[in-house]
Each structure stands twice: as structure tokens, then as C-alpha cells.
Amino acid sequence: MNAPKPTRRPAHVPVLFLSGAGLPAWIWDDVRADLPAGTNTAVARYPRETHASLGEYADAVAAQVPWSSFAVVAHSIGGVVATELMARHPGRVAGILGVSALIPQPGHSFVRSMPFPARLFLGAMLRFGGTRPPAKAIRTGLAGGLPPAVADRIVADFDPESVRLYRDPAPARQLPAARAYLFTRNDKEFTAAIQRQSAETLEATTTEELPTGHLPMIEDPAAVSHAVQKLLATIVT
């Protein structure tokens with residue numbers, strides 16, 4: 001008799017969350033709490049050096065987690081960090097979910113990935129104003145749609161990033177087999193076109209859309225948790 005072929009089962013992989021620029025780890029609290037018991041998770045801490053390079057961001061993130069492989073949930077500019085992470089540590093990223101994430105094409109930076117004239121405006125802002133937006137801009141854009149108390153907390157906890165995170169070009173990378181993208185319909189930070197281009201660059205095999213602003217992990221954590229679980233179900237051992 002022929003021996004039965006081994007079956008491929010969903011992998012119980014840990015989850016690493018990559019936040020958007022300046023955002024505190026607590027934005028993921030409700031999503032992490034909604035995941036099945038026993039799911040190992042971590043929120044990456046970005047370097048706080050003023051001139052940290054994109055490569056230093058990726059290496060710092062990789063050094064924080066003890067797991068040999070893990071799924072990445074990348075939000076906003078976290079997609080740029082994820083791109084560098086996949087290039088530098090290709091065997092460790094088992095799957096990726098972009099949550100209104102900017103996924104740059106190889107050789108493009110975050111700034112270069114922006115459409116004209118937003119690219120010029122962002123470049124000027126980084127040159128003269130740094131990477132901390134005005135409080136009003138955070139409340140109306142990044143935190144648009146959130147209760148005022150939550151928006152105030154985000155403003156208070158916002159931590160500026162290195163300019164190089166925005167300007168360094170992303171390298172070619174090795175994409176994992178499990179790839180998904182979560183669109184945010186009422187996003188005041190990233191247009192639908194930016195999100196579609198990012199999903200295409202990621203070569204996402206599954207996509208979903210939520211009627212939220214740029215921070216769906218706060219507006220609808222259960223839906224984001226569901227998307228994470230769907231990604232994990234596609235990762236097999």
C-alpha cells in the first residue's frame with residue numbers, strides 16, 4: 001500500500017504588527033485582544049534615532065521578535081518597513097496583510113510613491129517641517145472619524161519618525177505566498193488610487209474593504225482581526 005500523503009494544515013504563526021508613522025502601540029490593543037487565545041503577537045518599536053535609515057528600521061524590527069517566521073500586518077508607512085523587511089529577511093515573513101498600507105515599487109520611496117502634486121507637498125513638508133504633522137492635521141486626517149478623546153490621545157502620543165523612512169528607496173523583495181490587502185473607504189490620508197496601486201504592487205491574492213478612516217484597527221478592530229485570521233488561515237506548513 002502507498003503511504004498516505006501528509007496533509008497541509010494552517011500554520012499557527014505569530015503576528016507582528018507594523019504601525020503607521022508616529023503611532024503608538026496601543027492602537028492595536030483591541031485587534032490583538034480579539035485574536036484567538038494563544039496567538040502570539042507583538043507590535044514593532046521603530047528606531048528613535050533622528051537619521052535612522054529604512055534598513056535600520058527593518059533590522060530593528062527583525063531583532064525584536066524571537067520567532068523564526070511570522071506574519072506581518074502592516075499599516076500605512078509600515079508597508080514600506082515591511083518591504084525592506086521582506087528584502088533583508090525573506091525567509092522569516094510567512095504572510096503579509098496590508099492595512100491601508102503603502103507598498104512601494106522597487107526603487108521607489110514613500111515620497112516617490114505619492115501622486116503629483118501630493119509628492120511635492122510632502123517633500124516640502126519634510127524639508128521644512130519635519131515628520132510631525134500639526135495637531136489639527138492629525139485630528140482631521142490621520143484620526144479622522146474617531147471620537148475627539150481618542151484623537152487627542154493620538155496627538156499626545158504621536159512620535160516623529162526619521163525623514164529617511166520617507167525618503168529611502170525600497171529594494172526588490174521576495175513576496176510570501178500569503179498576501180492580502182485591506183482597503184479603507186473613508187480614508188483621508190491615502191486615496192483609493194494609492195491603496196489600489198499598493199495592493200497591486202503587493203500582488204495581493206485577497207482583498208477586502210472597510211467603511212472606515214485611516215485607523216480601522218481603532219474604528220472596527222473586530223473586522224481587522226477577522227482579516228488577520230483569514231490571512232493566517234492561508235499560511236500552511
Side-chain angles (χ1 to χ4, degrees), residues 15-35 41-50 52 54 57 60-61 64 72-82 97-103 110-111 113-114 118 121-122 124-126 128-167 181-192 194-195 198 209-228:
V15 181
L16 177 65
F17 293 92
L18 301 180
S19 303
L23 292 169
W26 60 258
I27 66 170
W28 298 104
D29 284 355
D30 290 342
V31 175
R32 298 170 74 188
D34 195 69
L35 292 173
T41 67
V43 181
R45 301 180 305 279
Y46 292 154
R48 297 275 59 97
E49 290 79 11
T50 304
L54 177 57
Y57 269 71
V61 166
Q64 290 170 35
V72 169
V73 178
H75 170 249
S76 196
I77 206 171
V80 182
V81 180
L97 169 65
V99 180
S100 186
L102 190 140
I103 309 294
F110 180 91
V111 173
S113 299
M114 289 288 107
F121 175 79
L122 178 58
M125 186 190 76
L126 293 174
F128 299 109
T131 64
R132 182 182 179 92
K136 182 178 179 180
I138 295 175
R139 290 190 178 92
T140 58
L142 180 64
L146 298 180
V150 178
D152 288 346
R153 188 180 177 194
I154 290 173
V155 170
D157 292 347
F158 192 93
D159 203 354
E161 306 291 349
S162 166
V163 172
R164 292 189 62 180
L165 175 62
Y166 295 81
R167 293 194 176 279
Y181 196 94
L182 192 58
F183 297 95
T184 46
R185 188 186 311 151
N186 296 318
D187 200 314
K188 296 181 180 179
E189 291 291 297
F190 289 171
T191 64
I194 292 173
Q195 295 183 57
S198 292
E209 182 179 274
L210 294 179
T212 70
H214 195 58
L215 298 177
M217 70 290 292
I218 297 177
E219 282 193 68
D220 195 347
V224 176
S225 171
H226 180 69
V228 174

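Everything quoted here is computed from the prediction, not taken from an experiment.
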**OP:** Evaluate whether atom CZ of Arg45 has more than 12 neighbouring non-hydrogen atoms of other residues, nucleotides or ligands under 6.0 angstrom away.
**Re:** no

Subject >> Ion pair Arg132/Glu161, N-O distance below 4.0 Å >> reply: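 The answer is no: the pair does not qualify as a salt bridge.
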
What side-chain donor-acceptor pairs closer than 3.5 Å can you find for residues 212-222, not counting sequence neighbours?
| unit_1 | atom_1 | unit_2 | atom_2 | d |
| --- | --- | --- | --- | --- |
| His214 | ND1 | Ser100 | OG | 3.2 |
| His214 | ND1 | Asp187 | OD1 | 3.1 |
| His214 | ND1 | Asp187 | OD2 | 2.7 |
| His214 | NE2 | Ser76 | OG | 2.9 |
| Glu219 | OE2 | Gly213 | N | 2.7 |
| Asp220 | OD1 | Ala223 | N | 3.2 |

Subject >> Atom pair CG (Leu35) and NE2 (His226), whose distance is rounded to the nearest 0.5 Å >> reply: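 Here the rounded value is 12.0 Å.
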
Which heavy-atom pair separates [X] from [Y] by the least distance, and what is that distance?
X      : Y      : result
Gly79  : Ile103 : CA-CD1, 3.7 Å
Ile194 : Met114 : CD1-CE, 3.9 Å
Pro133 : Ile138 : O-CD1, 3.8 Å

Please list every donor-acceptor pair under 3.5 Å in which a side-chain atom of residues 21-31 meets a protein atom from a residue at least two apart or in another chain.
| unit_1 | atom_1 | unit_2 | atom_2 | d |
| --- | --- | --- | --- | --- |
| Trp26 | NE1 | Asp157 | OD2 | 2.8 |
| Trp28 | NE1 | Ser19 | OG | 2.8 |

Subject >> Step-by-step side-chain contact (heavy atoms from CB on, under 4.5 Å) determination, Val228 to Val15 >> reply: CA-CA 9 Å; Val228 174; Val15 181; 4.3 Å; yes

Main-chain N/O of [Y] paired to [X] side chain as donor or acceptor, under 3.5 Å:
X      : Y      : value
Gln195 : Phe190 : yes
Tyr57  : Ser162 : yes
Thr184 : Leu210 : no

Original post:
Could you go step by step and tell me if Arg139 and Ile154 meet the side-chain contact (heavy atoms from CB on, under 4.5 Å) rule?
Top reply: CA-CA 8 Å; Arg139 290 190 178 92; Ile154 290 173; over 6 Å; no

Any side-chain heavy-atom pair of [X] and [Y] under 4.5 Å:
X      : Y      : value
Tyr181 : Leu97  : no
Val224 : Asp34  : no
Arg167 : Phe110 : no
Val73  : Leu16  : no
Tyr46  : Asp159 : no

**OP:** Please test Phe158 against Leu142 for side-chain contact (heavy atoms from CB on, under 4.5 Å), starting from the C-alpha separation and ending with a verdict.
**Re:** CA-CA 11 Å; Phe158 192 93; Leu142 180 64; 4.1 Å; yes

Original post:
By side chain to side chain contact (heavy atoms under 4.5 Å, CB included), which residues pair with Thr50, not counting sequence neighbours?
Top reply: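 So Thr50 forms no side chain to side chain contact (heavy atoms under 4.5 Å, CB included) with any residue.
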
